[in-house]
Amino acid sequence: MTQAPPPPEMTFQKSGRDPAAIGARLSAWLATALPPGAEPEVAILGGIDANGMSSETVLLDVTSTVDGWRQTKAYVLRVAPRPEDIPVFAAYDLQAQYDAMRLAGSLSSVPVPEVGLAEMSGCVLGTPFFLMERVDGLVPPDVMPYNFGDSWLFDAAPADRAALQKRSVEVLAGLHGIPDAASRFAFLDPVVAGHSGETLVARNLAKTRAWYAFASSAEEWGGRSPLVERGLAWLEANLPDDDGEPVLCWGDARIGNIIYRDFAPVAVLDWEMVTLGPREMDVTWMIFAHRIFEDLAAMLDLPGMPDFLSASEVREAYAAASGVELGDLTWHEVHAAVMWGVIYLRIAARQIHFGEIEAPEDPESTLYHRAMFEAMLDEVGA
């Protein structure tokens, strides 16, 4: 089996937008959105480059006049990517993200940042955007991965790591515990976006299949992956008979998308993969994301964090927090591997677009989890 090279020690460019232009346009828009006399001033502080591969996230301060006093508030600007910036996802429903965050924050104790003003027409910045509160804290880095060493989480005491793991799993249980999810979050059912199937699992798989079709047709290169296609075929042939209870699935359920203080979650971020689905999707994603980082650490002969976020401990913590014992996760593990494959293909297409890498002859050389993915498919007989 051929291993992919380790990820480059770099940040990934996500956009060609001019930050200064964002500030000027946002100031002009806020002057119409805020009460008369607010006289808003926007200061762009920068983006979050360490984590996340999809949306544009901009840190900013907004100073305005309220009751005769100048006040400054800290915000995060979430902007849907432009087509010319090679977005990771085929569709980017920022309104659905906004609504999911608003509801999740109001219907659960999960620390979801409060969402504020939104502009969904795309007339101001070229694509929809919304503002949300900015929360201070620490995030386990993706670049370089937190388990490579030289990170606050890697250096933490075992008891603190265990506490963070437990509380992170409790985030999933809290989201999944929102009652009547099928009706409250009906707008997240993949069928709304045209992905058909008799069951919720089938519709989520149809969504993934359409996403791969989008990723593999990139103009930058011929990005087809026989490995991803092999995984999709196995998933189709082995669809679970029972969906289980529909829950709000955060989607990109990784600790790298959580802000922590004192090893406790204070903000749950990055909702672009949010969906209505089975709880196994989120639980498996949290386990699998760490497993990918562990596989990369092993490739580089790094010690990693092998005792962290293990499948057995996550399942046990989830059962304790939710009261639900999960069944076999094999199907969802393969689904996660397929989706990570699509993500890697799109990231590579964007890196080619921005001149960060040359187009490889073998698209699958960009799949950092290639060896693990191949072994997984061999094990299930795909």
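Because the structure is predicted, anything quoted here is derived from the model rather than measured.
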- Item | Pair Arg78 + Glu56: basic N to acidic O under 4.0 Å | no
- Query: Do other residues, nucleotides or ligands put more than 12 heavy atoms under 6.0 Å from Arg25 CZ?
  - Reply: no
- Is there side-chain contact between Ile259 and Leu138, with at least one heavy-atom pair below 4.5 Å? no
- Message: Going by the rule ring-ring contact (aromatic ring centres under 6.0 Å, His included), which residues pair with His176 if we only count those two or more places apart in sequence or in a different chain?
- Response: Tyr318
- Do we see a donor-acceptor contact under 3.5 Å between the side chains of Gln97 and Glu272? no
- Would you tell me whether Glu39 and Thr65 have side-chain atoms, one donor and one acceptor, within less than 3.5 Å of each other? no
- Near Gln71 CD, under 6.0 Å, is it more than 12 heavy atoms from other residues, nucleotides or ligands? yes
- Could you tell me whether the side chain of Asp85 and the main chain of Pro81 form a donor-acceptor pair under 3.5 Å? no
- Message: Taking Glu133's backbone N and O only, do any of them form a donor-acceptor pair with Glu114's side chain (distance below 3.5 Å, no angle check)?
- Response: no
- Message: When you compare the side chains of Trp331 and Asn238, does any donor N or O come within less than 3.5 Å of an acceptor on the partner?
- Response: no
- Message: Count I, L, V, M, F, W, Y as connected when their side-chain heavy atoms are under 4.5 Å apart, and connections chain through other members. Are Trp250 and Trp285 then in the same cluster?
- Response: yes
- Output yes when Arg254 and Asp142 qualify as a salt bridge under the 4.0 Å nitrogen-oxygen rule, no when they do not. yes
- Message: With a 4.0 Å cut-off on N to O distance, would you call Arg167 and Asp262 a salt bridge?
- Response: no
- Task: Apply side chain to side chain contact (heavy atoms under 4.5 Å, CB included) to Val283 and Leu172, showing your working.
- Result: CA-CA 7 Å; Val283 176; Leu172 303 186; 4.2 Å; yes
- With no hydrogens and no angle check, is any side-chain donor or acceptor of Arg279 less than 3.5 Å from a backbone partner on Glu245? no
- For the pair Leu131 and Val115, evaluate side chain to side chain contact (heavy atoms under 4.5 Å, CB included) and give the outcome as yes or no after the intermediate values. CA-CA 6 Å; Leu131 292 170; Val115 292; over 6 Å; no
- Query: For Glu313 and Asp307, which heavy atoms make the closest approach, and how far apart are they?
  - Reply: OE1-O, 3.7 Å
- Message: Please give me the minimum heavy-atom distance between Leu34 and Ser64, naming the atom from each residue.
- Response: CD1-CB, 4.3 Å
- Enter the distance from Leu77:CG to Phe130:CZ here, rounded to the nearest 0.5 Å. 9.0 Å
- Item | Arg184 (side chain) donor-acceptor with Pro179 (main chain) under 3.5 angstrom | yes
- Message: Would you say CD of Glu325 has more than 12 non-hydrogen atoms from neighbouring residues, nucleotides or ligands within 6.0 angstrom?
- Response: no
- Message: What verdict does the salt bridge (Lys or Arg N to Asp or Glu O under 4.0 Å) test give for Lys207 and Asp189, after you've listed the backbone C-alpha separation in whole Å, the side-chain angles of each residue and the deciding distance to 0.1 Å?
- Response: CA-CA 10 Å; Lys207 181 180 177 181; Asp189 191 317; over 6 Å; no
- Query: Got a second to check how far Ile287's CD1 is from Leu309's CG, nearest 0.5 Å?
  - Reply: 8.0 Å
- Query: In terms of ring plane angle, is the pair His369 and Phe373 parallel, tilted or perpendicular, where the classes change at 30° and 60°?
  - Reply: parallel
- Query: Does a donor on one side chain sit under 3.5 Å from an acceptor on the other, for Tyr260 and Ser168?
  - Reply: yes
- Check against side chain to side chain donor-acceptor pair (under 3.5 Å), Glu333 and Thr284: CA-CA 6 Å; Glu333 289 173 348; Thr284 303; over 6 Å; no
- Flag the pair Asp136 and Arg261 as a salt bridge only when some basic side-chain nitrogen lies within less than 4.0 angstrom of an acidic carboxylate oxygen. no
- Quick check: are there more than 12 heavy atoms from other residues, nucleotides or ligands sitting under 6.0 Å from CD of Gln95? yes
- Message: Donor-acceptor check, side chain of Glu358 to backbone of Ile352, threshold 3.5 angstrom: yes or no?
- Response: no
- With ring pair (Phe, Tyr, Trp, His ring centres under 6.0 Å) as the test, would you mind laying out the steps for Tyr344 and Tyr368 before giving the verdict? CA-CA 8 Å; Tyr344 283 140; Tyr368 297 139; 5.0 Å; yes
- Do you know the tightest heavy-atom contact between Met372 and Asp295? CB-OD2, 4.1 Å
- Please confirm whether Tyr146 and His290 have ring centers closer than 6.0 angstrom. yes
- Could you give the distance from CZ (Arg350) to CD (Glu356), rounded to the nearest 0.5 Å? 8.5 Å
- Taking all heavy atoms of Leu153 and all of Arg161, pick out the closest pair and write down the distance. O-NE, 3.3 Å
- Output yes when a side-chain donor or acceptor of Asn257 lies under 3.5 Å from a complementary backbone atom of Trp271, and no otherwise. no
